[in-house]
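Following: one structure in structure tokens, then a few remarks.
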Amino acid sequence: MHFNELNLSEELLRAVDELGFSEMTEIQAQSIPLLLQGRDVVGRSNTGTGKTAAFGIPAVESINEDDRRSAAVLILCPTRELAMQACEEIRKFAKFKRSVKACAVYGGASMERQIMELKRGANIVIGTPGRVMDHIRRRTLKLESLRTVILDEADEMLNMGFREDIESILADVPEDRQTVLFSATMPPEILAITEKYQHDPVHIKIKSSQKTVELIEQFYFQVAMGRKTDALKLLLAAYTPDSAMVFCNTKRMVDELTEELTKSGFRAAGIHGDMKQLQRTQVMNSFKNRTTAVLVATDVAARGIDVSGIDMVFNYDLPQDNEYYIHRIGRTGRAGLAGKAYTLITGRRQLHDLKDIARYTKANITELPLPDKSCITDMKKEAIALEIAAAGERPGEGAYEILEMLAAKGIDYREAAARLIDSRLSAELSQLPEFDMPKPLKKGSRSGAKTVRIDLNIGRNKRIAPNFILGALVDATGMSGQDFGKIDIYDSHTTVEVPESEYDYIIDSTNPMKINGHPVEVKLYKGGSSKERPGRQSGERHSGGRKRPEFGKKKRTDIFGDQLPDRRKRMKKRH
Ligand code: ADP
Ligand code: MG
């Protein structure tokens, strides 16, 4: 269905046309007519399917000359970026409609400026729930004339703890308003809101998570523990994307990885929720204009970010749930363009989790070997050949004159071309950033990796044995028994040697943890403070890891079996 089949005003059709939209997406075709009629709608559709226009076009259309004083449409979004982005898009729809004044309000930005904008008669207000509540309390945002409330990414807003704010806003606005809700998933909390605050809503569900995902080629690499950063550098150097996103599960990881990549010469920048608004905007702009080639992000910061033409997405960390995987890889391959998604995994547990994602998304995720230097060289050769072959225009006369000059010196065409190509190839290869070559995944060889000690506040007094400790650690982290080193059991605590590179992850995934029914706290071992001596009985001391592989293996023979704890539960802890 074409936009001009809708009964839209001339001004809107022109704006939509200028944006290059012609056909409506499915969610648009189904929801826009209903929204124009004033119906309440619950819409479910995947990321990248044009939901902003689905609610933004009817919102802009609903504004008339009388809406000069106060907000007629309120749109709630989970993050500042989404609020800004939706506001920008709505302004584009309103380009030829003078009466529309759209204004975005979100935390981390000047209150005064937002108040000014609101006072100037903003009639479409787009904001994050917290800041919207702030303005309502200060009476700088009045809801008396509100006709439409739209919740964009409602599920995400609930995930982020905005439920109270949302309910209090919905309870505050005029009873006869139109309430519209878009959400990727429909958990019971959303249905509850729907029932409580909507009138006879029409449910629209555009199925096929696959639709966007289908177009994306998906691969994974198995990487030795602690070598993910090297592997990522290698892949970035091999594929040289103009524009790539890298997803991490924690803000800290975003910072660390961004620093690492920048140090190695990649044009990388990070984005996450702890950054100042100005900084985030700068990062987004530099990514959009390709100054930044690699954007490292957390899920929340990246949610809904719409930058077109992203070549590839990397999952540096496995996503925390299946939906996130779809959201992440949905960043690439938008609007019918093929994209690529690469996931780095370490260890069998993650392999299991990835298979789970593949089942859920009904996608083929294919394993690839990490490219080595000779493989990268081959790729560069191929790229240069392609580029030369694709250069359409005949070279200028000057080029041929030079060839003749060279021929006179006894250098024939073939030799001349080879010399040029060679210098080009070495230039490309010398631009490869410095990094250590990742070693292939080897079972059980962790020798040489830097280690630290963790401290568990449980010891001999609770009658624990090393196997209990190790079992609990393997279970909580999904790591292999061989990844853990020496275990020393003292009277009231125990220390375990762990790879330094996994320290953060181990701490995240073991708090809280229980051993033998006792809650246990895990921290960094500072050492020295205790005069206690570790237990000396045989069987309580472990060194080198000779005995333990048995233990690890026993629990994990069936890697795709169901005895493994639910991934979501486990991963949640890492957030
Ligand atoms: P969602 O909110 O569903 O994730 P967005 O609203 O961010 O999706 O839209 C994704 C992209 O698709 C945007 O760049 C938007 O401009 C574009 N888009 C939306 N509707 C259409 C359409 N009918 N035709 C072409 N492009 C569209
Ligand atoms: Mg959206």
Side-chain angles (χ1 to χ4, degrees), residues 1-6 8 12-33 35 41-61 75-95 102 104 106 126-128 150-157 159-160 180-185 204-209 211-213 215-216 243 245 284 287-288 297 299-310 313 323-337 339:
M1 195 168 155
H2 198 280
F3 279 99
N4 58 23
E5 289 172 60
L6 292 169
L8 290 177
L12 250 160
L13 281 177
R14 236 172 98 198
V16 167
D17 195 52
E18 265 197 16
L19 284 170
F21 296 7
S22 51
E23 286 294 311
M24 279 185 268
T25 65
E26 267 185 275
I27 186 77
Q28 290 164 356
Q30 292 201 34
S31 55
I32 294 178
L35 293 177
V41 165
V42 184
R44 288 172 74 177
S45 172
N46 273 104
T47 187
T49 53
K51 290 188 286 290
T52 318
F55 61 75
I57 288 173
V60 168
E61 190 71 344
I75 301 168
L76 297 176
C77 302
T79 67
R80 310 176 245 197
E81 272 72 29
L82 282 175
M84 282 162 66
Q85 200 166 285
C87 184
E88 268 171 42
E89 195 157 341
I90 280 170
R91 283 182 180 147
K92 286 182 191 156
F93 298 137
K95 185 170 175 191
Y106 41 79
I126 304 116
T128 50
I150 299 161
L151 311 187
D152 188 19
E153 311 229 9
D155 51 347
E156 190 61 17
M157 288 198 281
N159 281 345
M160 294 171 70
V180 183
L181 194 149
F182 282 94
S183 188
T185 57
I204 299 171
K205 184 178 175 199
I206 310 299
K207 50 176 191 322
S208 78
S209 349
K211 197 161 179 204
T212 27
V213 173
L215 280 166
I216 300 165
S243 178
M245 282 187 82
M284 280 316 298
F287 186 54
K288 278 184 190 163
D299 288 286
V300 171
R303 178 114 183 182
I305 282 176
D306 177 49
V307 177
S308 55
I310 294 175
V313 164
E323 279 296 331
Y324 278 9
Y325 180 81
I326 296 177
H327 277 286
R328 286 178 176 192
I329 74 168
R331 307 291 110 210
T332 179
R334 291 198 146 197
L337 295 169

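Read the numbers this way: they start at 1 and go in the same order the structure lists the ligands and their atoms.
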Where does the angle between the aromatic ring planes of F182 and F55 fall among parallel (under 30°), tilted (30 to 60°) and perpendicular (over 60°)? tilted

Taking every non-hydrogen atom, the tightest pair across [X] and [Y]:
{"X": "T332", "Y": "G339", "answer": "OG1-CA, 3.2 Å"}
{"X": "A29", "Y": "M1", "answer": "CB-CB, 4.4 Å"}
{"X": "A53", "Y": "P58", "answer": "O-CD, 3.7 Å"}

dist I57:CD1 -> K92:NZ (nearest 0.5 Å) comes out at 12.5 Å

Item to check | Proximity flag F182 to ligand 1, non-hydrogen atoms under 4.0 Å | outcome: no

> Would you call E153 a ligand 1 contact, heavy-atom distance under 4.0 Å?
Replying inline: no

Numbered atoms and elements of ligand 1 in range of [X], under 4.0 angstrom, heavy atoms:
{"X": "T49", "value": "1 (P), 3 (O), 8 (O)"}
{"X": "F3", "value": "23 (N)"}
{"X": "E89", "value": "15 (C), 16 (O)"}
{"X": "T52", "value": "2 (O), 5 (P), 6 (O), 7 (O)"}

*When only distance counts, is Q85 in polar contact with ligand 1, meaning an N/O pair under 3.5 Å?*
no

N or O pair under 3.5 Å between M24 and ligand 1: no

Sorted by chain and residue number, the side-chain contact (heavy atoms from CB on, under 4.5 Å) partners of S243 (sequence neighbours excluded) come out as F287, R290, I310, D311

Among E23, K51, H327, the residue with a heavy atom nearest to atom 23 (N) of ligand 1 is E23

With side chain to side chain contact (heavy atoms under 4.5 Å, CB included) as the test, would you mind laying out the steps for E156 and T79 before giving the verdict?
CA-CA 9 Å; E156 190 61 17; T79 67; 6.0 Å; no

